[in-house]
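Just dropping this structure here.
Each ligand, and each atom within it, is numbered from 1 in the order the structure gives.
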Amino acid sequence: MGEMAQKISNLNEKELMEQLQIAFAEEWLAYYQYWLGAQVAVGPLRDSIEEEFMEHAGQELKHAKWLSDRIIQLGGTPILDPKDWESTAQCRYAAPEKPYVMNLLEQNLVAERCAIARYQKICDMTFGKDYETFRISEKILKEELEHEQEVGDFMDDIREGVKYGDKKQD
Ligand SMILES: [Fe+2]
Ligand SMILES: [Fe+2]
């Protein structure tokens, strides 16, 4: 990019590439967290939650693909070794050590909120400067917001179910 073009674009390309790599690593971890959660989940609404987790896992993997395509277009190389996912990601991977659905939902809620902040940040960095990266991050942000809502709804439903169950016993 020419010196003047860079000056007026006010976009730090190195910083943007770092954010895209972080996001890429986080998507793989999010994919695995949902996928594994779907396998081990126990508790109320297990079948619906398993289905939802598998759907989210598929979307996180699709996000990784979009990011990988964009990283390559911008002249970068997506992280080559899975062992670098954890050290690059800033949203932490939470192992589903307690497979009760509420614990899994809580872990995924934390991850989704971190993802929302990531894409909000990339949108802020690229808005009006790098339309293609902005378009991709905006599309991902929309889906992460939906994920947060869906995970939160399951938690509300389970809490309501517990309340309803208590009332029935009165
Ligand atoms: Fe994602
Ligand atoms: Fe998500």
Where do E50 and R46 land on the salt bridge (charged side-chain N to carboxylate O under 4.0 Å, His left out) test, with the steps shown first? CA-CA 6 Å; E50 182 185 329; R46 185 205 289 205; over 6 Å; no

The single option from K62, H63, H56 that satisfies side chain to side chain donor-acceptor pair (under 3.5 Å) with E60 is H63

Salt bridge check: are E132 and R135 linked by an N-O gap of less than 4.0 Å? yes

Could you list the donor-acceptor pairs under 3.5 angstrom formed by side chains in residues 96-110, with sequence neighbours left out?
unit_1: Q107; atom_1: NE2; unit_2: A95; atom_2: O; d: 3.1
unit_1: N108; atom_1: OD1; unit_2: Q33; atom_2: NE2; d: 3.2
unit_1: N108; atom_1: ND2; unit_2: L104; atom_2: O; d: 3.0

* In plain terms, say whether D156 and R159 are close enough for a salt bridge, that is, a side-chain N and a carboxylate O under 4.0 Å apart. => yes

So the protein N/O/S atoms within less than 2.8 Å of the Fe ion (ligand 1) come down to E27 OE1, E27 OE2, E60 OE1, H63 ND1, E144 OE2

- Item | Salt-bridge criterion met for K14 and E18 (N-O under 4.0 Å) | yes

